[in-house]
Amino acid sequence: MGLCKCPKRKVTNLFCFEHRVNVCEHCLVANHAKCIVQSYLQWLQDSDYNPNCRLCNIPLASRETTRLVCYDLFHWACLNERAAQLPRNTAPAGYQCPSCNGPIFPPTNLAGPVASALREKLATVNWARAGLGLPLIDEVVSPEPEPLNTSDFSDWSSFNASSTPGPEEVDSASAAPAFYSQAPRPPA
């Protein structure tokens, strides 16, 4: 246990491995968002730490990160991609921390800066909104051009095709009427 150096002066067992100071959850979110933070006892057992994302092995400082309630830290893009690959009908308990298998979703009765920041981040994507009990966001899909509905035109003299036919289309179109202009033959 130690005392955080911030103005809140909270007693905490969280320790920033990079800066080697005790931190409270408020400092953790505000000032140590990309730092490896675990318990002080963990630091005493193994003061060596890996400053890379455990999913892509790229330094955490290089991209936007998100911290789970277990205090494990990942690039947001890596965690989001991994969770989005799970089937859509995955139960909230199926979304687990890739490091410790703890829950990704903070319990509803858990209050604190880390849980609040995580809920805010998770609320931006549909796979997590379902797990948080929030309504889904309409996903933006690139709109395909709608075909012209010919039944909407009452006056065909005003009908204008969206593009002019190319030379090869004109040649094939002029060949078609010659075939159909022949008089029909009666059956023998």
Side-chain angles (χ1 to χ4, degrees), residues 1-8 10 12-108 110-143:
M1 288 264 186
L3 188 64
C4 180
K5 306 281 189 247
C6 77
K8 295 190 183 296
K10 294 198 174 222
T12 179
N13 68 348
L14 297 177
F15 191 76
C16 175
F17 285 27
E18 184 178 335
H19 297 105
R20 298 184 180 158
V21 294
N22 289 327
V23 294
C24 65
E25 280 201 357
H26 297 282
C27 290
L28 180 63
V29 171
N31 304 327
H32 299 270
K34 295 186 182 228
C35 298
I36 302 295
V37 175
Q38 293 293 327
S39 72
Y40 184 68
L41 291 175
Q42 183 70 32
W43 170 260
L44 292 175
Q45 289 174 358
D46 184 16
S47 61
D48 191 23
Y49 69 96
N50 182 359
N52 296 337
C53 175
R54 292 182 183 168
L55 296 175
C56 69
N57 208 27
I58 295 175
L60 289 163
S62 66
R63 297 183 188 159
E64 180 184 9
T65 59
T66 191
R67 187 176 307 277
L68 303 180
V69 292
C70 57
Y71 302 120
D72 286 328
L73 188 65
F74 303 96
H75 288 133
W76 169 244
C78 297
L79 186 67
N80 185 31
E81 180 182 339
R82 182 180 175 115
Q85 290 175 354
L86 293 173
R88 288 182 172 241
N89 60 349
T90 302
Y95 294 96
Q96 298 176 337
C97 172
S99 294
C100 68
N101 291 331
I104 285 184
F105 299 110
T108 54
L110 182 63
V114 173
S116 297
L118 179 59
R119 282 188 193 101
E120 274 183 40
K121 189 54 133 174
L122 292 174
T124 62
V125 290
N126 269 342
W127 65 262
R129 289 182 69 85
L132 293 171
L134 299 172
L136 298 181
I137 302 170
D138 290 334
E139 292 182 354
V140 177
V141 179
S142 59

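Please read these numbers as outputs of a predicted model, since none were measured by experiment.
For Val37 against Cys16, the heavy-atom pair with the smallest separation is CG2-CA, 4.0 Å. Here the shortest heavy-atom pairing between Leu73 and Cys35 reads CD2-O, 3.5 Å. Arg119 and Leu110 make their closest contact through NH2-O, 2.8 Å (heavy atoms, listed as atom of the first residue, atom of the second, distance). What you find for Leu122 and Pro106 is that their closest heavy atoms are CD1-CD, 4.2 Å. The heavy-atom pair separating Pro51 from Ile36 by the smallest distance is CA-CG1, 4.4 Å.
One finds the CG atom of Leu86 at 5.5 Å from the OH atom of Tyr95 (value rounded to the nearest 0.5 Å). For the atom pair CG of Leu79 and SG of Cys56, the computed distance is 11.0 Å after rounding to the nearest 0.5 Å. Distance check: Lys34 NZ to Leu60 CG gives 8.0 Å after rounding to the nearest 0.5 Å. Considering CG of Leu55 and CG of Asp72, their distance stands at 10.0 Å, rounded to 0.5 Å. Ser99 contributes atom OG, which lies 8.5 Å from atom CG of Leu68 (distance to the nearest 0.5 angstrom).
Residues satisfying the salt bridge (charged side-chain N to carboxylate O under 4.0 Å, His left out) criterion with Glu64, sequence neighbours excluded, are Lys121.
The aromatic rings of Phe105 and Trp127 are tilted relative to each other, their planes meeting at an angle between 30° and 60°.
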Handout entry: Verdict with supporting geometry, Cys53 and Arg63, side-chain contact (heavy atoms from CB on, under 4.5 Å)
Key = CA-CA 10 Å; Cys53 175; Arg63 297 183 188 159; over 6 Å; no
Problem - Check against side-chain contact (heavy atoms from CB on, under 4.5 Å), Asn31 and His26 - result: CA-CA 8 Å; Asn31 304 327; His26 297 282; over 6 Å; no
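Among residue pairs with one or both ends in residues 51-91, none qualify as ring-ring contact (aromatic ring centres under 6.0 Å, His included); sequence neighbours excluded.
The shortest side-chain heavy-atom distance between Arg54 and Pro98 does not fall under the 4.5 Å cut-off.
When atom types are taken as modelled, the side chain of Thr66 and the backbone of Leu118 share no donor-acceptor pair closer than 3.5 angstrom. Side-chain atoms of Arg67 come within 3.5 Å of backbone N or O of His32 as a donor-acceptor pair.
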